[in-house]
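Report on the following structure.
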Amino acid sequence: MVESGPAPSDPRVRAQITDGLRLPIGAASSVVAHFNTTLTDEPIRRTQITRGAVVGGSGAINGGYFCRGLPDDFDGWGLPGWAWADVLEHFRAIETDVDFTGPLHGSDGPILVRRVSEFDGCTASFVQSATDMGHRWVDDLNGADAGRPCPPGVGAVPLNINGGTRVGPGGAYLQPAMERSNLTVLANTRVRRVSIVNGRARGVECVGRNGADELTADRIVLSAGAIGSAHLLMLSGIGPEDVLAAAGIPLIAALPVGTSFSDHPEWVVSIDWSPTHGLPPLEAVLTTPHGLEIRAYTAGFDALVHGPGDDPADHPHLGVALMQPQSRGRIRLASADPTVPPIIEHRYDSAPADVELLRAGADLARELAGPIARVGPPSWSTSQHLAGTAPMGADGDPAAVLDPHCRVRGVDSLWVVDGSILPSITSRGPHATIAMIGHRAAEFVA
């Protein structure tokens with residue numbers, strides 16, 4: 001396994017990726033990579049997004065939100081092997097849910113899932129306000145099944161945080177396997193491109209502490225995330241012909257890599273509710289019939305990243321996220337140099353209907369705040385759930401980069417297994433879904 005970031009054996013790294021009460025994404029973080037993106041075109045709004053650059057990827061640094069995608073998400077793909085009836089067993093296999101049992105929940109998986117049962121501070125204010133407005137309480141946001149959708153309402157977020165410790169897929173699956181004789185983890189080693197000869201992936205070119213090297217294998221799996229995997233595919237000659245030609249990269253397979261990704265656009269409003277320190281960043285959400293998720297973040301952004309501070313302006317905030325957006329973004333090569341980041345454009349304002357729904361969500365957020373609390377103006381943001389840069393699809397699907405077994409079309413012995421593969425983004429944050437994808441796709445690679 002080749003990892004561009006550090007190994008978790010570094011004590012400073014371990015402290016950052018296990019502390020589930022902080023988001024280790026600040027400028028000084030040693031476990032993330034930063035990318036620039038353009039959120040909207042009119043006017044141009046730019047921001048910086050982060051991705052986990054450590055063993056375990058973004059699952060090692062996120063806020064612990066572990067909501068599954070909904071049954072209709074998977075059934076809507078219409079792909080063999082990916083219907084809800086196919087993926088449920090894999091959702092169950094990866095988790096131990098300490099709050100719920102039964103046929104929808106796992107009891108012996110390595111990722112512990114639990115919910116906060118008693119709310120404090122701003123989360124308590126949020127839940128009380130939502131229920132006072134008539135929104136129903138939803139006991140289990142992971143309780144949907146085929147024919148029994150999860151109703152709109154407010155509920156506690158399933159979290160992969162136990163006693164303040166974040167346990168992501170890297171810690172749950174890779175860490176216990178580190179002593180196996182057939183596993184070697186090469187940390188601080190950057191893959192530059194996949195070597196493809198006569199239509200078959202045969203290895204990767206990489207650079208580590210000892211310089212350049214080439215690793216060969218009979219099966220190669222890219223799990224670099226929706227940005228990193230798409231970038232590597234294009235650097236390797238797999239992507240849109242015009243994009244590769246502009247970068248001077250010889251074409252191996254003309255596929256629509258990065259041409260139409262999804263993310264969850266989010267508007268953020270500050271609110272002068274009491275912050276809740278020493279708790280996960282997000283404990284409860286409100287979902288609406290119109291596909292909005294209203295998120296009550298437990299503290300201000302600086303406090304979530306760095307810990308409680310003295311800045312009186314660093315208020316908690318409400319996030320208004322659109323979970324089934326029509327807008328589509330794109331990611332393109334800026335250069336054939338692997339060290340040059342790709343160009344990312346979210347194009348969130350390309351679908352007027354999305355903007356109208358976000359505006360309605362901001363109005364709802366102000367209602368939830370009540371007449372006394374002071375609420376700031378909404379600002380454009382992103383949930384940082386970028387997905388679908390190398391989507392799966394059926395034979396003949398012009399949008400498909402991969403087949404339903406996660407294999408790159410037209411190239412033998414090459415798979416992609418991460419958020420890149422989603423044909424459309426899920427109606428919940430994708431962390432739990434991507435962990436499930438790893439478990440599901442392991443069967444295909446084997």
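Only this structure's heavy atoms are used, side chains among them; waters, hydrogens and symmetry mates stay out.
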Q | Main-chain N/O of H290 paired to T288 side chain as donor or acceptor, under 3.5 Å | A | yes
Q | Spacing of CZ belonging to R22 relative to CG belonging to L304, to within rounding of 0.5 Å | A | 8.0 Å
Q.
Please report the interatomic distance CG(L286) to CG(L292), rounded to the nearest 0.5 Å.
A. 9.0 Å
Q.
Main chain of G106, side chain of D97: is a donor-acceptor contact present, judged purely on distance under 3.5 Å?
A. no
Q.
If the condition is salt bridge (charged side-chain N to carboxylate O under 4.0 Å, His left out), which residues does R440 pass it with, not counting sequence neighbours?
A. E443
Q: Determine, stepwise, if the pair D397 / R409 fulfils salt bridge (charged side-chain N to carboxylate O under 4.0 Å, His left out).
A: CA-CA 11 Å; D397 182 351; R409 294 188 177 276; over 6 Å; no
(Q) Could you tell me if D145 and W84 have a donor-acceptor pair between their side chains, going purely by distance under 3.5 Å? (A) yes
Q. When you look at R14 and Q16, which way does the side-chain contact (heavy atoms from CB on, under 4.5 Å) test go after all the steps?
A. CA-CA 5 Å; R14 181 173 294 277; Q16 292 180 79; over 6 Å; no
Q.
Looking at E345 and R46, is any side-chain nitrogen of the basic one under 4.0 Å from a carboxylate oxygen of the acidic one?
A. no
Q: Might you confirm whether atom CD of E179 has over 12 heavy atoms from other residues, nucleotides or ligands at distances under 6.0 Å?
A: no
(Q) Walk me through whether S327 and R347 qualify under side chain to side chain donor-acceptor pair (under 3.5 Å). (A) CA-CA 7 Å; S327 63; R347 306 171 71 204; over 6 Å; no
Q) Have N162 and R114 got a donor and an acceptor in their side chains that come within less than 3.5 Å? A) yes
Q.
Looking at every heavy atom in both C150 and L70, which two are closest together, and how far apart are they?
A. CB-CD2, 4.3 Å
Q | Evaluation steps, side-chain contact (heavy atoms from CB on, under 4.5 Å), between F91 and H439 | A | CA-CA 8 Å; F91 274 122; H439 197 273; over 6 Å; no
Q) Looking at residues at least two apart in the chain, or sitting in another chain, which of them share a salt bridge (charged side-chain N to carboxylate O under 4.0 Å, His left out) with R295? A) E266, E293
Q.
Under a 3.5 Å threshold, yes or no: a donor from one side chain and an acceptor from the other, between S381 and W267?
A. no
Just list the side-chain donor-acceptor pairs under 3.5 Å for residues 209-228, sequence neighbours left out, or say none.
residue, atom, partner, partner atom, Å
E214, OE2, S195, OG, 3.0
R219, NH1, V445, O, 3.0
S223, OG, V417, O, 2.9

Q.
Quick check: closest heavy atoms across G278 and L21, and the distance to 0.1 Å?
A. O-CD1, 3.5 Å
Q: Spell out, as yes or no, whether a donor-acceptor pair under 3.5 Å connects the side chain of R92 to the backbone of H105.
A: yes
Q | Closest contact, heavy atoms only, A201 versus L414 | A | CB-CB, 3.9 Å
Q) Between D349 and P352, is there a donor-acceptor pair closer than 3.5 Å when you use the side chain of the first and the backbone of the second? A) no
Q: Compute the centroid of each ring, for H431 and then for F66, and state whether the two points are separated by less than 6.0 Å.
A: yes
Q) At their closest point, which heavy atom of P6 faces which heavy atom of A53, and how far apart are they? A) CD-O, 3.2 Å
Q: Count the heavy atoms belonging to other residues, nucleotides or ligands that lie under 6.0 Å from NE2 of H34, then report whether that count exceeds 12.
A: yes
Q: Look at the side chain of N142 and the backbone N and O of R68, then say whether any donor-acceptor pair between them is shorter than 3.5 Å.
A: yes
Q: For a side chain to side chain contact (heavy atoms under 4.5 Å, CB included) with I17, tell me which candidate from V55, T165, V167, V31 qualifies.
A: V31
Q | Heavy-atom pair with the smallest gap, counting every atom of E3 and V54 | A | OE1-O, 3.2 Å
Q) Is the closest basic N to carboxylate O distance between D99 and R115 below 4.0 Å? A) yes
Q: Quick one: do T382 and I49 satisfy side-chain contact (heavy atoms from CB on, under 4.5 Å)? Show the steps, please.
A: CA-CA 8 Å; T382 176; I49 57 178; 3.8 Å; yes
Q: Give a yes or no answer on whether the side chain of T189 reaches the backbone of V207 with a donor-acceptor pair at less than 3.5 Å.
A: no
Q: Sequence neighbours left out, what passes salt bridge (charged side-chain N to carboxylate O under 4.0 Å, His left out) with E205? Give chain and number order.
A: R193
Q.
With a 6.0 Å cut-off (strictly less than), is the heavy-atom count around CZ of F35, excluding the residue itself, greater than 12?
A. yes
Q: Answer yes or no: is there a donor N or O on one side and an acceptor on the other, between the side chain of T38 and the main chain of T40, under 3.5 Å?
A: no
**Q.** D86 side chain near F74 side chain, heavy-atom distance below 4.5 Å
**A.** no
Which pairs of donor and acceptor atoms, one on a side chain in residues 250-259, lie under 3.5 Å apart (sequence neighbours left out)?
residue, atom, partner, partner atom, Å
T259, OG1, P256, O, 3.1

(Q) For the residue pair S4 / R190, report whether a side-chain donor-acceptor contact shorter than 3.5 Å exists. (A) no
Q | Shortest non-hydrogen contact between P265 and W380, atoms and distance | A | CB-CZ3, 4.4 Å
(Q) Does R45, at its CZ atom, have more than 12 non-hydrogen atoms belonging to other residues, nucleotides or ligands within less than 6.0 Å? (A) yes
(Q) What's the separation between atom CD1 in I111 and atom CD1 in I94, rounded to the nearest 0.5 Å? (A) 5.0 Å
Q.
Tell me if a side-chain donor or acceptor on Y65 pairs with a main-chain N or O of P158 at a distance below 3.5 Å.
A. no
Q) Does the distance from a Lys or Arg side-chain N to an Asp or Glu carboxylate O, for R359 and E356, drop under 4.0 Å? A) yes
Q. Listed by chain and number, what are the side-chain hydrogen bond (donor to acceptor under 3.5 Å, both in side chains) partners of H346, not counting sequence neighbours?
A. T37, D263
Q. Is the backbone N or O of D412 less than 3.5 Å from a side-chain atom of R407, with the two atoms forming a donor-acceptor pair by type?
A. no
Q: Measure from the side-chain N and O atoms of H264 to the backbone N and O of S427, and report whether any donor-acceptor pair falls under 3.5 Å.
A: no
Q. Would V355 and Y348 count as a side-chain contact (heavy atoms from CB on, under 4.5 Å) if you check the C-alpha gap in whole Å, the side-chain angles of each, and the deciding distance to 0.1 Å?
A. CA-CA 8 Å; V355 180; Y348 274 155; over 6 Å; no
**Q.** Spacing of CG belonging to L244 relative to CD1 belonging to I249, to within rounding of 0.5 Å
**A.** 5.5 Å
Q | I425 CD1 to Q324 CD distance, which is reported to the nearest 0.5 Å | A | 8.0 Å
Q: Can you measure from CG (L174) to CE (M1) and round to the nearest 0.5 angstrom?
A: 5.0 Å
Q.
Assess whether a salt bridge exists between R428 and D73, defined as any Lys/Arg side-chain N lying under 4.0 Å from an Asp/Glu carboxylate O.
A. no
Q: Would you indicate whether R202, at its atom CZ, is surrounded by more than 12 heavy atoms from other residues, nucleotides or ligands within a distance under 6.0 Å?
A: no
